[in-house]
Asks: 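Quick one: this structure, given as structure tokens, is what I'll be asking you about.
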Amino acid sequence: MSLFIYNTLTRSKEEFKPIHEGFVGMYVCGPTVYSHSHIGHAKSYISFDVIVRYLRYLGNKVLYIQNITDVGHLTDDADEGEDKIIKQARLDRVHPMQIAETITRSYFDDMDKLGVERPDISPRASGHIIEQIEIIKKLLMNGFAYEVNGSVYYDVQKFKNYGKLSGRVLEESVEGTRVESRSEKRHPADFALWKKAESGHIMRWPSPWGEGFPGWHIECSAMSMKYLGETFDIHGGGMDNQFPHHECEIAQSEAATEKPFVKYWIHNNLVTVNGKKMSKSLGNFITLKDAFKKYDPLVVRFFILQSHYRSTLDFSDEALQGANTGYDKLLNTIRNLRDEIKKAESEKRTDGVGLDLSLHKKHFLEAMDDDFNAPLALGVLFDLARETNQSLNTEQKISIDTLKQIDQLFSELGGRILGIIPIIPIYTGNFSLTIKKQLVNMTGTNTPPNRDIEDIESKLIDLLIETRKEIRENKLWSLSDKIRDQLEVIGFKIEDKKDGTNWRKIN
RNA sequence: GGCGCCGUACCCAAGUGGUAAGGGAGAGGUCUGCAAAACCUUUAUGCAACGGUUCGAAUCCGUUCGGCGCCUCCA
């Protein structure tokens, strides 16, 4: 089996063959940092996170670049509108870079919680002004750009392949109602490479054309090629960036280098609310910070992975709630499995039946190989969970080896690749430790749990459980039920099993 | 107006020619002191509608209806 990826450039699934075997250069358009991330950002970056994870799983050495746009964009290619970061800065009465810094931290914080592994390099646009100017200079020299009054524009009519990604024809877009006709541009579809800064514009840099700031496509060309070379394997981004952003990137880069820019273009689809795109400009977005108040971040991740990255995903509370329950069910299986491993080890189990897991793994990998079909792969995980639970339920014990193999498979597929199952083996210690908490800690950025308090907490609960056991032996049901109910109110879930009582922290 | 996408059960959602994955919710059952968890059974003769191609279509073609995205910044 080999990996197939849907390439927007060819509108078809193609077998993935990196330019240099074993090495993958990948660039994904990062956020413009002027306001907190919402569910839509989560879908995008989780999708690409899984793609990177899978490419690495397959043995590739991946260099993953994702920019931070801290220069801000004009609201359009004409002179109208205000740079978004500057606007927010004005509203907050702080320096624009302070907004960018605050939101950048907020972004990473949200992504960490979602289990999104950090990019290898997160270049800031503001730190690559020189590289951007260099490309513009090259384009001026090549005749693909022209300077007017301190601004530089790209001459789209000079680039014969303009439109090859988005399938647009230049003439048609000219007739479009939204493209303005006035201005200093030669052609309405020409776009700014460099804009002259008017007085009062705070974010400005010196350039051969006077003080100004870069246009809103050039940063990605500059930063991607700086770290990945003039031709690289994968460029990703949201579908809404296909045109004009990615189209312009191609035009700039290929005109400047005279080489193909990107081999595979990957675009993820959008999150909708009541069928409408969730976006900052529509104002119908749910920030991740708000979502996390109600749902575990990994539930959000699970929810997103339940649909394909190229499909839209409709957000609703009901759907999130469903994902929550489904995810808990999956984790329950892991928990029960790991409890059983612990038990089997303590009783020094030497016999037991085995299970053939190869088919599950095969199906999972087939799903991922087919353009990263995570929802289908998740289905395989649920199949495995059901089979695991069945086996756990029967009288016939499973061998330690098999139990560990199942755990290993869950960790490998659901953990390493999909990032929703904790990969830390919980063979030792108290099985009741909160699984989710451990997973989040795995990302390395959350406050580690306070061991002392957890230890005391755990001993106290054990004591209560022990006491309750005697109460139950004396059939004082109302008292034992009261303890169970009250513990749940406090945040501890109690489950009476045949061979003892399990407890775990909830939330 | 141009380009593109989508319409699968109560909800979310896979499935692009071979006879409808998975999750949630609902119903019944097993286990259990009860609860929880788990398991089992069940829930779309049908995939917006109509027509066509085919031995065979949710999947291909056409028409219609409905919804959405991009063409201004947006993941």
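Quick note: numbers below take in every heavy atom, side chains included, and nothing from hydrogens, waters or symmetry partners. Naming convention: chains lettered A, B, ... in sequence-line order (proteins, then strands); numbering from 1 in each chain.
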Asks: What interatomic distance, in whole Å, is found between C1' of B/G29 and the corresponding atom of B/U43?
Replies: 15 Å

Asks: So which protein nitrogen or oxygen atoms get under 3.5 Å of nucleotides 67-69 of chain B's nitrogens or oxygens?
Replies:
{"residue": "B/C68", "atom": "OP1", "partner": "A/Lys276", "partner atom": "NZ", "Å": "2.6"}

Asks: Using the six-membered ring wherever Trp is involved, compare the ring planes of A/Phe382 and A/Phe302 and label them parallel, tilted or perpendicular (cut-offs 30° and 60°).
Replies: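 It falls in the perpendicular class, over 60°.
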
Asks: Walk me through it: do A/Lys196 and A/Glu198 pass the test salt bridge (Lys or Arg N to Asp or Glu O under 4.0 Å)?
Replies: CA-CA 6 Å; A/Lys196 175 184 183 176; A/Glu198 303 299 332; 5.5 Å; no

Asks: Using the P atom as the point on both nucleotides, what is the distance between B/A9 and B/G17, in whole Å?
Replies: 22 Å

Asks: Distance check needed: B/C39 C1' versus A/Glu395 CD, whole Å only.
Replies: 13 Å

Asks: For the residue pair A/His246 and A/His235, categorise the inter-ring angle as parallel (less than 30°), tilted (30 to 60°) or perpendicular (more than 60°).
Replies: perpendicular

Asks: B/U45 and B/A58: how far apart are their P atoms, nearest whole angstrom?
Replies: 13 Å

Asks: Take the protein atom CG of A/Leu381 and the nucleotide atom P of B/G22, then report the distance between them rounded to whole Å.
Replies: 14 Å

Asks: Given the rule in the salt bridge (Lys or Arg N to Asp or Glu O under 4.0 Å) test, do A/Asp496 and A/Arg484 qualify, once you have shown the distances and angles that lead to the verdict?
Replies: CA-CA 10 Å; A/Asp496 294 320; A/Arg484 185 174 62 199; 3.3 Å; yes

Asks: Below 3.5 Å is the cut-off: list the nitrogen or oxygen pairs between protein and nucleotides 15-17 of chain B, distance only.
Replies:
{"residue": "B/G15", "atom": "OP1", "partner": "A/Asn373", "partner atom": "ND2", "Å": "3.0"}

Asks: Starting from P on B/C73, measure out to CD1 on A/Ile103 and report it in whole angstrom.
Replies: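 For the pair A/Ile103 CD1 and B/C73 P, the rounded distance is 21 Å.
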
Asks: Using the P atoms only, state how far B/A48 lies from B/A14, rounded to an integer number of Å.
Replies: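 After rounding to an integer number of Å, I get 15 Å for this pair.
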
Asks: Just verifying a value: how many Å separate A/Met368 CE and A/Leu3 CG, rounded to the nearest 0.5 Å?
Replies: 8.5 Å

Asks: Rounded to whole angstroms, how far apart are CG on A/Leu378 and P on B/A14?
Replies: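 Rounded to the whole Å, the gap is 11 Å.
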
Asks: Mark yes or no: A/Lys280 above the aromatic ring of A/Tyr34, with NZ or CZ under 6.0 Å from the six-membered ring centre and no more than 45 degrees from the axis.
Replies: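 Satisfied, under 6.0 Å and within 45°.
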
Asks: From the options A/Asn241, A/Thr8, A/Asp240, select the one residue that forms a side chain to side chain donor-acceptor pair (under 3.5 Å) with A/His267.
Replies: A/Thr8

Asks: Can you tell me the base-pairing partner of B/G4? Count Watson-Crick or G-U wobble geometry only, both distances below 3.5 Å, and say none if there is no partner.
Replies: B/C68

Asks: For each nucleotide in nucleotides 31-38 of chain B, reading 5' to 3', give B when a protein heavy atom comes within less than 4.0 Å of its base, S when such contact involves only the sugar-phosphate, and - otherwise.
Replies: S-BBBBSS

Asks: Judged by each residue's nearest nucleotide on RNA chain B, which is more toward the 5′ side, A/Ser44 or A/Tyr6?
Replies: A/Tyr6

Asks: Round to a whole Å and report the spacing from CD1 of A/Ile304 to C1' of B/C12.
Replies: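 About 13 Å, once rounded to whole Å.
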
Asks: Only counting residues at least two apart or in another chain, list the ones meeting ring pair (Phe, Tyr, Trp, His ring centres under 6.0 Å) with A/Phe48.
Replies: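 Counting only residues at least two positions away or on another chain, A/Phe48 forms no ring pair (Phe, Tyr, Trp, His ring centres under 6.0 Å).
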
Asks: For the C1' atoms, the ones on B/G24 and on B/U16, what distance do you get once it is rounded to whole angstrom?
Replies: 27 Å

Asks: Centres of the A/His38 and A/His41 rings: under 6.0 Å?
Replies: yes

Asks: Would you classify A/Glu318 as touching base, sugar-phosphate or nothing, given that sugar-phosphate means primed atoms plus P, OP1 and OP2, and contacts are heavy atoms under 4.0 Å?
Replies: sugar-phosphate

Asks: Checking base pairs now: Watson-Crick or wobble, both atom distances under 3.5 Å. What partners B/G17?
Replies: none

Asks: B/U41 pairs with which nucleotide, Watson-Crick or G-U wobble, both distances below 3.5 Å?
Replies: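 Checking every strand shown, B/U41 finds its partner in B/A27, with both distances under 3.5 Å.
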
Asks: With the threshold set at 4.0 Å, does a side-chain nitrogen-carboxylate oxygen contact exist between A/Lys497 and A/Glu495?
Replies: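 Yes.
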
Asks: At a cut-off of 3.5 Å, list every protein nitrogen or oxygen paired with a nitrogen or oxygen from nucleotides 57-60 of chain B, distance to 0.1 Å.
Replies:
none

Asks: Applying the Watson-Crick and G-U wobble criteria at under 3.5 Å, what pairs with B/C74? Answer none if nothing qualifies.
Replies: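 With both distances under 3.5 Å required, B/C74 matches none.
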
Asks: Is it true that, when you exclude A/Lys362 itself, more than 12 heavy atoms of the residues, nucleotides or ligands shown sit nearer than 6.0 Å to its NZ?
Replies: no

Asks: What distance, rounded to whole Å, do you find between the two C1' atoms, one in B/A44 and one in B/U19?
Replies: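 About 14 Å, rounded to a whole number of Å.
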
Asks: What verdict does the salt bridge (Lys or Arg N to Asp or Glu O under 4.0 Å) test give for A/Asp296 and A/Lys113, after you've listed the backbone C-alpha separation in whole Å, the side-chain angles of each residue and the deciding distance to 0.1 Å?
Replies: CA-CA 9 Å; A/Asp296 187 292; A/Lys113 288 195 170 81; over 6 Å; no

Asks: So what does A/Ser307 hit on the nucleic acid, given a heavy-atom distance under 4.0 Å: a base, only sugar-phosphate, or nothing?
Replies: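 Sugar-phosphate: the residue A/Ser307, judged by heavy atoms under 4.0 Å, touches backbone atoms but no base.
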
Asks: Does B/C74 have OP1 or OP2 under 4.0 Å away from a side-chain N or O of A/Asn241?
Replies: yes

Asks: When all nucleic acid strands are considered with a 4.0 Å heavy-atom cut-off, which category describes A/Ser166: base, sugar-phosphate, or nothing?
Replies: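 If one applies the 4.0 Å heavy-atom cut-off, A/Ser166 turns out to touch the sugar-phosphate alone, with no base involved.
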
Asks: Let's test this: given Watson-Crick or G-U wobble pairing with both distances under 3.5 Å, identify the partner of B/U53.
Replies: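 Base-paired to nothing in any strand shown.
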
Asks: What do the steps show when you test A/Lys482 against A/Asp485 for salt bridge (Lys or Arg N to Asp or Glu O under 4.0 Å), and what is the final call?
Replies: CA-CA 5 Å; A/Lys482 186 181 175 184; A/Asp485 293 346; over 6 Å; no

Asks: Nearest whole angstrom, please: distance from the P of B/C73 to the NZ of A/Lys87.
Replies: 15 Å

Asks: Select base, sugar-phosphate, or nothing to describe what A/Val271 touches, counting heavy atoms under 4.0 Å on all strands.
Replies: base

Asks: Less than 6.0 Å separating the ring centroids of A/Phe191 and A/Tyr153?
Replies: no

Asks: Measure the distance from NE2 on A/His363 to C1' on B/A14 and round it to the nearest whole Å.
Replies: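 Taking NE2 of A/His363 and C1' of B/A14, I get 15 Å after rounding.
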
Asks: Within this structure, what is the CG-to-C1' distance between A/Leu313 and B/A14, rounded to whole angstrom?
Replies: 13 Å

Asks: Please give the distance between the P atoms of B/G67 and B/G26 as a whole number of Å.
Replies: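 Approximately 32 Å lies between the P atom of B/G67 and that of B/G26.
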
Asks: Using the ring centroid of each side chain, check whether A/Phe261 and A/Phe232 are separated by less than 6.0 Å.
Replies: yes

Asks: Pick base, sugar-phosphate or nothing for A/Tyr45, based on heavy-atom distances below 4.0 Å to the nucleic acid.
Replies: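 Sugar-phosphate: the residue A/Tyr45, judged by heavy atoms under 4.0 Å, touches backbone atoms but no base.
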
Asks: What residues form a salt bridge (Lys or Arg N to Asp or Glu O under 4.0 Å) with A/Asp370, not counting sequence neighbours?
Replies: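 Checked A/Asp370 against salt bridge (Lys or Arg N to Asp or Glu O under 4.0 Å); matches are A/Lys13.
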
Asks: Contact class for A/Thr325 vs. all strands (heavy atom < 4.0 Å): base, sugar-phosphate, or nothing?
Replies: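 Sugar-phosphate, no base atom in range.
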
Asks: Expressed as a whole number of Å, how far does the P atom of B/C70 sit from that of B/A21?
Replies: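 35 Å, rounded to whole Å.
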
Asks: I'd like to know whether NZ of A/Lys164 has more than 12 heavy-atom contacts from other residues, nucleotides or ligands below 6.0 angstrom.
Replies: yes

